[in-house]
Every structure is written in structure tokens, then in C-alpha cells.
2 protein chains.
Amino acid sequence: MSRDISERRKRLLAELVEAGREQSTATVMFHTAVSALMGLSPTDYKAMDLLERFGPLTAGELAEHAALAPASVSGLIDRLERRGMVRRTRDAADRRRVIVELTLAVGEASRYTIYGDLINGLNEIYATYTDEQLETVLDFLRRSAAVQREATARLPAELPEP
Amino acid sequence: MSRDISERRKRLLAELVEAGREQSTATVMFHTAVSALMGLSPTDYKAMDLLERFGPLTAGELAEHAALAPASVSGLIDRLERRGMVRRTRDAADRRRVIVELTLAVGEASRYTIYGDLINGLNEIYATYTDEQLETVLDFLRRSAAVQREATARLPAELPEP
DNA sequence: TTATTTAGTTCGGCCGAACGAAATATATGC
DNA sequence: GCATATATTTCGTTCGGCCGAACTAAATAA
């Protein structure tokens with residue numbers, strides 16, 4: 001490992017900062033556009049995401065994950081149910097509980113209409129890489145995701161007063 | 001190029017799908033947490049992002065980019081100005097126009113308090129790669145950002161009825 | 001100069017979504 | 001079995017943010 005950084009590497013690092021920022025912006029804009037397309041408020045979109053990632057949840061669990069009051073979650077489920085995006089089921093074991101799960105329709109729409117172009121485009125990119133390059137990209141994706149999760153967790157509770 | 005795909009490559013591609021999804025989720029959650037930290041509604045956060053990316057904008061330009069009515073933008077600027085995040089200036093050339101620009105305070109907070117951990121973490125990742133690997137990552141970031149922008153643009157105006 | 005257009009603000013009304021409190025239904029402990 | 005605890009819903013209220021309409025100020029055209 002050389003002690004000082006080559007010009008090439010300096011340039012690379014600078015370009016990576018810029019490219020990373022643009023990637024991040026593109027990701028956020030894509031998700032914003034999808035939520036607009038689904039006609040969902042940020043809260044409702046977030047709830048859909050939670051259900052996708054953690055599978056069926058009870059109303060209470062949803063309230064906890066989304067940091068909402070129970071009453072708010074009832075309304076939220078009503079809205080999503082009205083659009084046919086989720087289904088309410090009573091828990092057979094504890095009939096006070098309401099289980100909320102995504103309907104099939106949402107999964108289908110996601111896979112084809114919504115994520116189709118994105119998935120195809122990414123596959124086209126991957127097709128141009130060697131296995132070794134794919135390993136590098138995979139490693140980077142995993143580690144940068146971890147870094148982002150840590151950075152999220154470490155954000156201060158409040159912004160210091162200027 | 002071999003006609004069929006090796007087992008290793010199949011596994012890699014499957015893992016990349018998963019890792020890409022997690023990366024995307026981590027990005028969205030980071031931005032959500034930052035907007036919560038700043039105490040900004042999604043609309044206000046988006047406006048801040050527009051100002052960061054495109055530099056100072058007039059109220060009208062902001063209205064167009066954010067797809068808001070002029071009246072809504074007046075209120076939006078009021079809110080951000082009250083928090084000291086943006087500044088209103090009259091355009092000297094056309095004194096009807098109001099130029100909205102970020103205040104310095106925001107830039108400082110961004111660089112240190114907010115993005116600090118993220119930037120450090122990414123740099124640590126980069127430090128473990130060779131120049132060639134960095135080239136691969138850079139290429140991937142650029143091309144995947146482009147793919148995401150295209151996918152965003154191609155999203156249908158409405159979801160097909162199921 | 002006067003009339004017209006343009007940029008932004010103010011005002012009033014409206015709507016969606018969040019909340020606390022009270023109500024309902026079910027489960028659990030004694 | 002009855003009292004108490006838990007999960008969710010219903011109700012009424014509040015609040016923030018968006019909008020259209022009317023208004024002000026400045027630029028441009030006639």
C-alpha cells in the first residue's frame with residue numbers, strides 16, 4: 001500500500017462522492033414517484049414498506065413500527081383497505097388482534113408495472129460485468145447499506161442550535 | 001462469453017437483487033430520518049433538496065419544480081425562513097421576483113452533523129478497494145442512477161385497475 | 001402616460017390525517 | 001364467574017398545508 005494517494009485515486013474518490021450523491025437522489029425520487037403513483041401519503045407508503053419487509057403485522061405492531069397512535073393506525077388501515085392494498089384478518093389465536101397483510105394485487109403491480117424497468121435495467125448493467133466485478137459491487141452494496149443504517153441510527157435527536 | 005450462466009453467477013445475481021433492495025431501503029430511511037431531524041414535512045424537505053441541487057431559485061421556479069400552487073410556495077418559504085433555513089432576496093434585475101437561497105447554517109449542519117458519519121463510513125469502505133475496484137463501483141453507481149432516473153420517468157401516470 | 005401582463009403575497013376555506021378519550025370486544029387472573 | 005387487562009375501533013377535535021381568488025408591486029407594451 002503506497003503511503004500517499006495517487007492522482008488517479010484522488011479523482012476516483014471525488015467522483016465517487018458525486019456519483020453516490022446522485023444515486024441517493026435518484027433512489028429517493030424513484031420512491032417518491034412510486035408513492036405518488038400509488039396515491040399514498042408518506043405515512044401510508046411507509047406502512048406498505050413495513051408490511052413488505054416484515055410480512056403481516058398486527059395493528060399494534062404497525063403502530064409501533066410507524067410511531068403512530070393506535071387510533072391513527074385504524075384510519076391508516078381503513079385507507080389502505082379501501083384501495084384494496086391490504087386485508088384485515090382477525091387473529092384466530094387472539095381474536096382481539098387484527099392482522100394486516102398485503103393483498104396479492106400489490107405484489108403483482110410491484111413486480112411488473114412498478115419495478116419492471118428498474119429490474120431490467122439493473123440486469124443489463126450486471127450482464128456487462130465479470131463475476132469478480134459483481135463480487136465487488138455486491139460487497140459495496142452490502143457495506144454501504146450497513147453504513148447508511150448506522151448513520152441513520154447515530155443521527156442526533158435534535159439539531160444543535162446555530 | 002459462455003452461453004449459459006454459471007452457478008456462481010446465478011447466486012451472485014440473486015444476492016445483488018437482495019442487496020440492492022436493502023441499499024435502497026437504507027437510503028430512503030436515512031433521508032426520512034434526516035427530514036424528521038430537521039422537523040420538515042416531506043414537501044419542505046423536497047424543497048430544500050431542490051435548492052441544494054439547483055442552487056438559488058425564484059419562488060416561481062420552486063413552485064414549478066415542486067408542482068405546487070404559487071400560494072402554497074409563499075407559505076412554504078415562510079416556514080423555511082422562520083427556521084432560518086432559507087433567505088428571501090429580491091432579484092435586483094426584476095424586482096418582482098423573489099430569490100430563495102439556502103442559508104450557510106444549513107450547509108454547515110449538512111456537512112458535519114448530518115452527513116459526517118455517512119461520509120466517513122463510505123470513505124472507510126473505499127479505502128479497502130483497489131483503483132480498479134473503485135472504477136467498477138463508480139461505473140455501477142453512475143449507471144444504476146441513470147437506470148433509476150429512467151425508471152422514474154417511465155412510471156405510468158396511473159396504476160392499471162386490477 | 002396609461003393599460004396590460006407577470007411575480008408573488010394575503011386571505012379564507014377546505015381536507016386529510018393525527019391525536020386523546022371513550023367505547024367495544026376479547027383474553028386472562030383470581 | 002367476575003374483575004381486570006389488552007387490542008382495536010369510534011368519535012370529536014385539532015392542526016398543518018394546499019388551493020383559488022383577490023390584491024399589490026413591478027415590468028412591459030401601446
Side-chain angles (χ1 to χ4, degrees), chain A residues 31-51 54-102, chain B residues 31-51 54-102:
Chain A
H31 281 269
T32 303
V34 170
S35 75
L37 170 60
M38 291 182 164
L40 295 180
S41 72
T43 304
D44 292 8
Y45 187 69
K46 185 179 174 185
M48 293 291 290
D49 178 57
L50 291 170
L51 290 170
F54 300 133
L57 296 173
T58 67
E61 289 166 340
L62 204 46
E64 191 153 359
H65 280 107
L68 288 174
S72 313
V73 172
S74 284
L76 184 153
I77 301 172
D78 286 346
R79 292 192 297 274
L80 294 178
E81 203 175 32
R82 240 181 277 126
R83 292 168 183 271
M85 291 178 156
V86 306
R87 196 186 355 256
R88 264 190 176 93
T89 329
R90 283 280 160 188
D91 183 340
D94 181 345
R95 296 181 32 73
R96 293 168 305 177
R97 288 194 160 88
V98 164
I99 295 172
V100 187
E101 56 189 345
L102 295 181
Chain B
H31 282 269
T32 303
V34 170
S35 75
L37 171 59
M38 292 182 163
L40 295 179
S41 72
T43 304
D44 291 8
Y45 186 69
K46 186 178 174 184
M48 293 291 292
D49 177 58
L50 291 169
L51 290 170
F54 300 132
L57 297 173
T58 66
E61 290 166 339
L62 205 46
E64 191 153 359
H65 279 107
L68 288 175
S72 311
V73 172
S74 284
L76 183 154
I77 301 173
D78 287 347
R79 291 192 297 274
L80 294 178
E81 203 176 32
R82 241 180 277 126
R83 292 169 185 271
M85 291 178 156
V86 306
R87 194 183 0 254
R88 265 189 175 93
T89 330
R90 284 277 160 192
D91 183 341
D94 181 345
R95 296 180 30 74
R96 292 169 305 178
R97 289 195 159 85
V98 165
I99 295 173
V100 187
E101 57 189 346
L102 295 181

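Sequence lines set the chain letters: A, B, ... in the order given, protein chains first and strands last, and positions in each chain run from 1.
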Residue list, side-chain contact (heavy atoms from CB on, under 4.5 Å) with B/Arg95, at least two apart or on another chain: B/Arg90
Just to verify, what does A/Pro42 make a side-chain contact (heavy atoms from CB on, under 4.5 Å) with, not counting sequence neighbours?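 With sequence neighbours excluded, A/Pro42 shows a side-chain contact (heavy atoms from CB on, under 4.5 Å) to B/Pro42, given in chain and number order.
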Can you sort out the partners of [X] under salt bridge (charged side-chain N to carboxylate O under 4.0 Å, His left out), two or more places apart, ordered by chain and number?
X	answer
B/Glu61	none
B/Arg96	B/Asp94
A/Glu64	none

Sorted by first residue and then second, give each salt bridge (charged side-chain N to carboxylate O under 4.0 Å, His left out) pair with at least one member in residues 34-48 of chain A; sequence neighbours left out. A/Asp44-A/Arg79
Nucleotide-resolved protein contact map, nucleotides 25-30 of chain D, B/S/- at heavy-atom distance under 4.0 Å: -BS---
Of residues 56-68 of chain B, the positions that come close to DNA chain C - non-hydrogen atoms, cut-off under 4.0 Å: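 Per residue number, the list reads B/Thr58, B/Ala59, B/Gly60.
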A/His31: partners by ring-ring contact (aromatic ring centres under 6.0 Å, His included), with sequence neighbours left out: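 For A/His31, no residue satisfies ring-ring contact (aromatic ring centres under 6.0 Å, His included) once neighbours in sequence are set aside.
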Less than 3.5 Å apart, which donor and acceptor atoms pair up between the side chains of residues 66-78 of chain A and the rest of the protein, not counting sequence neighbours?
{"residue": "A/Asp78", "atom": "OD1", "partner": "A/Arg88", "partner atom": "NH1", "Å": "3.0"}
{"residue": "A/Asp78", "atom": "OD1", "partner": "A/Arg88", "partner atom": "NH2", "Å": "3.0"}

At the 4.0 Å heavy-atom cut-off to chain B, mark where contacts on DNA chain C begin and end, going 5' to 3'. C/dT6 to C/dT10
If I take atom CD1 from residue B/Ile99 and atom OG1 from residue B/Thr89, how far apart are they, to the nearest 0.5 angstrom? 6.0 Å
What distance do B/Phe54 atom CZ and B/Leu62 atom CG have between them, rounded to the nearest 0.5 Å? 11.0 Å
Could you list all N or O pairs between the protein and nucleotides 10-12 of chain D that sit under 3.5 Å apart?
none

Nearest heavy-atom approach of A/Leu102 to A/Arg87 is O-NH2, 3.8 Å
B/Ile77 or A/Arg79: which one's nearest nucleotide on DNA chain C is closer to the 5' end?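 It is B/Ile77 whose nearest nucleotide is closer to the 5' end.
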Would you say the side chain of B/Glu101 lies within less than 4.5 Å of the side chain of B/Leu51, judging by non-hydrogen atoms?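 Counting from C-beta outward, B/Leu51 and B/Glu101 never come under 4.5 Å.
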